[in-house]
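Presented below is the structure to which this report refers.
Per chain, numbering begins at 1; letters A, B, ... match sequence-line order.
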There are 2 protein chains.
Amino acid sequence: MRVIRGKSGTNQEGTSAHNRRVMIDALRLNGKLSRADLARASGLTKQAVSNIIDDLEQDGLVVSLAAVRKGRGQPSTPYRLVPEGAFAIGLQIDRYMTRVIAVNLLGTVLVRAETNLPPGGPANGVRVILDLVQQVRKELAGIAEHLEERLVGLCVAMPGPFGLASDNDDQWMMAAWQSFPLLETLAAGTGLEVALQNDAAACATAERMVGAAHGVDHAVCLYVGYGIGAGLILNGELYAGGNGNAGEIGMALLPPTAGRPERSPLEHRASLASLYQHLNADPADPKLHDRLNTLVSKDDPAVASWVDAAAEELRWGVQLIETIFDPQTVILCSSAPEALTRRIFDAIHPLLPSIANRRGRALPRLQLGMTDPWSVALGAAAEPISRAFDPRFSAILKTRASAGGWNVQP
Amino acid sequence: MRVIRGKSGTNQEGTSAHNRRVMIDALRLNGKLSRADLARASGLTKQAVSNIIDDLEQDGLVVSLAAVRKGRGQPSTPYRLVPEGAFAIGLQIDRYMTRVIAVNLLGTVLVRAETNLPPGGPANGVRVILDLVQQVRKELAGIAEHLEERLVGLCVAMPGPFGLASDNDDQWMMAAWQSFPLLETLAAGTGLEVALQNDAAACATAERMVGAAHGVDHAVCLYVGYGIGAGLILNGELYAGGNGNAGEIGMALLPPTAGRPERSPLEHRASLASLYQHLNADPADPKLHDRLNTLVSKDDPAVASWVDAAAEELRWGVQLIETIFDPQTVILCSSAPEALTRRIFDAIHPLLPSIANRRGRALPRLQLGMTDPWSVALGAAAEPISRAFDPRFSAILKTRASAGGWNVQP
DNA sequence: GAAATAAGTCAAATCAATTGACTTAATGAA
DNA sequence: TTCATTAAGTCAATTGATTTGACTTATTTC
């Protein structure tokens, strides 16, 4: 008889691990809190908090600040996170280039490096990537003490969807990378625990740690890159779906319209790929970013017409996201130059009516998120930090069930 | 200084509560398991399981069965859930009628009752509803021992979206009910803990407990009722969104097409409301269900043409759901007569290509779910059972954060 | 009949949180 | 100045669920 597994149990170890994460989460949200504050925020007793904070201080994850008097009673001693308490590496693999970034516990970027990917597919590319990771790691070691114990992992961000039959290939995907044992190779080559996210999910991870979704439990990042996707923060955690492909909104088929007799995926109509096509530009051109910037600043009519058309589709996309996810806010992110992203953001307005159109909203329906081209890599780097330190159900359970997406241990 | 709350901590109580839920979950999934099986399934030690099972047995939630010999070693003593270990009441409020249903721990229906809602809005309706609940409760008391201790709650299912500005009203909504303090009134009138779900979410809750989503952690129920919505099972739990309105897919605006010059919401094109309009039928007619059944069995051409048109939209909806949620399966549910739902199900096929179109799928992309008109009420009844007994993050935490949706304590 | 295997129990140990009393350090009122 | 009040934080003992490791029981296999 085969036993269906279900959820696993927990014990004091799980309790303790969770409570440590809760302390870190509260400090991340508030900047600094006293032990008494932490007790109130977490619902634990002063004594429990005291013990945990002592531990965290010993582990070098928190430090005390000068005591502050704020009224009657003994002054409180605030604590804050120690940025150097942990480090992580993020790796972005794009179609023509790759970026590596190192962050600390706070998500502050410490090292970054990028390079073009050589032709010849992943077999060649992965060596370049490993070299670049090694280079970043070395540089990081120069500025980070105790790096080896404090480097909590590596996460790769690349365009999805993942794990599809390879004959599904078209120009919009990166089929060769899909069939390559990337995570295993990286885990073996770095000795780190390796995770994988699609680029929109990475953006959401970044926005949650240091951006517009900081402290927000229900948010969706609409990411306009070469393709287009949505990064989903649901119940305070990234949602990856059954196969790690949740949010691949760019592959949603749109009904035929006057101009287009056939159903076509959203990302054929609104993505940087469609812009490049519209402009007859070569996406492999390393100067494309600058060139785009120039075009935008000159109010190029071809760009303007694309913005209008794309914004129309994205406006619909925002309404769809609001309708389906009921998030507290939607965040527009893009790998495009900031000025262009702003144009798109402006052109999406006014938004279509939706259930999000309620009184007393705390957050705007649509916000502008990170527009830094490094934000995807940053999100990748934030993932291991989040995995190691954020309170989450899977961290309490005994047999660590993978919380969606994939991760591979070395 | 205001402290941002973040997640709360936990303690042994949370651990214990979680482990009890894990046992119940494993038994629900497997039907019967020995203590040793449970230890393997949960990752806990034999001893811990033994203690917990002893407790659960004392509480009347599990019982042992005859020992079975299955090879070498001492025979094992399997345990199963006791159906009479808990009860819950589900309440469905529809536009013209209301249903009340009582279930046990296994989700088996014990009592059901329905009645038409009087005109005059919620102020009148709620008295009828409370009477009906009282009637069901009395009947349940006749067949359920220790009912008062074992009745874990009541959940209301009604069409969403919830909490919108009331001037958003149109014929598709139930605006008067939105502004009425329904949950408070029910909590006061019954003394029970009261929760609220939209009808699609209730359907998903039912499918997860006793239907096609049993044991599935990522599933979406596409519910075709008077309106149309999606019930989201993500990470094994119902997802309700930031304001309890996640999945209101019927309000997604569709682009204009040849026949329709304006954007219009999906549920204007594919829902029973659109069918009634198409047939010039009165949705308040209590014999409508039977009449529809007759029409379907007679291959009525008006029904057939609606099915074709609606299926076209729903086919798109399924592809969209797959693309956005990446679920393990999509489940089609409906309050329509079973024969009609089957017609729709068939007409949706063949499905559009999507990322769900992968080799080695364990579950079909689209499954037929419950078609019983009582399934929404059943799902509502399943909610308090799930809330009380399913393993979930919020059950571990100290200050019971509402896990999405609303619930009100008496 | 003995060895192997597996289910399940017993009793002690472990360990994180809780409890309640206590200490420390500030403010504010008499 | 004095003393009550308030709040932060510690101390020491208690609690309680899981773990540990040895043990018992029951069955099959050789």
B:Asp390 bridged to A:Lys7 by N-O distance under 4.0 Å: no
Touch class at under 4.0 angstrom, heavy-atom based, for A:Ala36 against every strand present: sugar-phosphate
Pairwise 5' ranking along DNA chain D for B:Thr15 and A:Lys46, keeping only the more 5' one: A:Lys46
Charged N-O contact under 4.0 Å between B:Arg208 and B:Glu383: no
A:Leu44 CG - C:dA17 C1' separation (whole Å): 8 Å
Side chain of B:Arg69 - closest among D:dT19, D:dT28, C:dC15: D:dT28
Nearest heavy-atom neighbours spanning B:Ile233 and B:Val216: CG2-O, 3.9 Å
Salt bridge B:Asp37-B:Lys70, side-chain N to carboxylate O under 4.0 Å: yes
Below 3.5 Å is the cut-off: list the nitrogen or oxygen pairs between protein and nucleotides 2-5 of chain D, distance only.
none

Closest nucleotide among D:dG9, D:dA26, D:dT20 to the B:Pro75 side chain: D:dA26
Options C:dA7, C:dT18, C:dT9, nucleotide nearest the side-chain atoms of A:Thr45: C:dT18
Rounded distance (nearest 0.5 Å) linking atom CG of B:Asp55 with atom CG of B:Leu61: 10.0 Å
N/O (side chain, B:Thr10) to phosphate O (OP1/OP2, C:dA17) under 4.0 Å: no
Phosphate OP1/OP2 of D:dG9: any A:Thr77 side-chain N/O under 4.0 Å: yes
Atom-to-atom span, CD1 of A:Ile53 to P of D:dA8 - whole angstrom: 15 Å
For DNA chain D, stems built from three or more consecutive Watson-Crick or G-U wobble pairs below 3.5 Å: C:1-30 with D:1-30
Ring centres under 6.0 angstrom apart (A:His218, B:Tyr239): yes
Protein-nucleotide distance (B:His18, atom NE2; D:dA17, atom C1'), rounded to Å: 14 Å
Integer-rounded Å distance: D:dG9 C1' and A:Leu33 CG: 16 Å
Between D:dT28 (P) and B:Gln74 (CD): distance, integer Å: 12 Å
Closest to the A:Ser34 side chain, choosing from C:dA17, C:dG8, D:dG9: D:dG9
OP1 or OP2 of D:dT19 under 4.0 Å from side-chain N/O of A:Lys398: yes
Short side-chain N/O contact to D:dA17 OP1/OP2 from B:Arg20, under 4.0 Å: no
Atom-to-atom span, CG of B:Asp55 to P of C:dT9 - whole angstrom: 13 Å
Integer-rounded Å distance: C:dC15 P and A:Asn11 CG: 12 Å
Nearest-0.5 Å distance, CG of residue A:Asp25 to CZ of residue A:Arg28: 7.5 Å
Out of D:dA17, C:dG8, D:dA8, whichever nucleotide has its closest atom nearest the side chain of B:Ser16: D:dA17
Ion pair B:Arg35/B:Asp54, N-O distance below 4.0 Å: yes
Criterion side chain to side chain contact (heavy atoms under 4.5 Å, CB included) against B:Ser76, the qualifying member of B:Val68, B:Leu33, B:Leu65: B:Val68
Pair A:Thr15-B:Thr15, side-chain donor/acceptor within less than 3.5 Å: yes
Integer-rounded Å distance: C:dA21 C1' and A:Gln47 CD: 12 Å
5' priority, DNA chain D, between A:Arg40 and A:Gln12 [closest heavy atom]: A:Arg40
Closest to side chain of A:Asn19, choosing from C:dT18, C:dA17, C:dG8: C:dA17
Under-4.0 Å salt bridge between A:Glu237 and A:Arg387: no
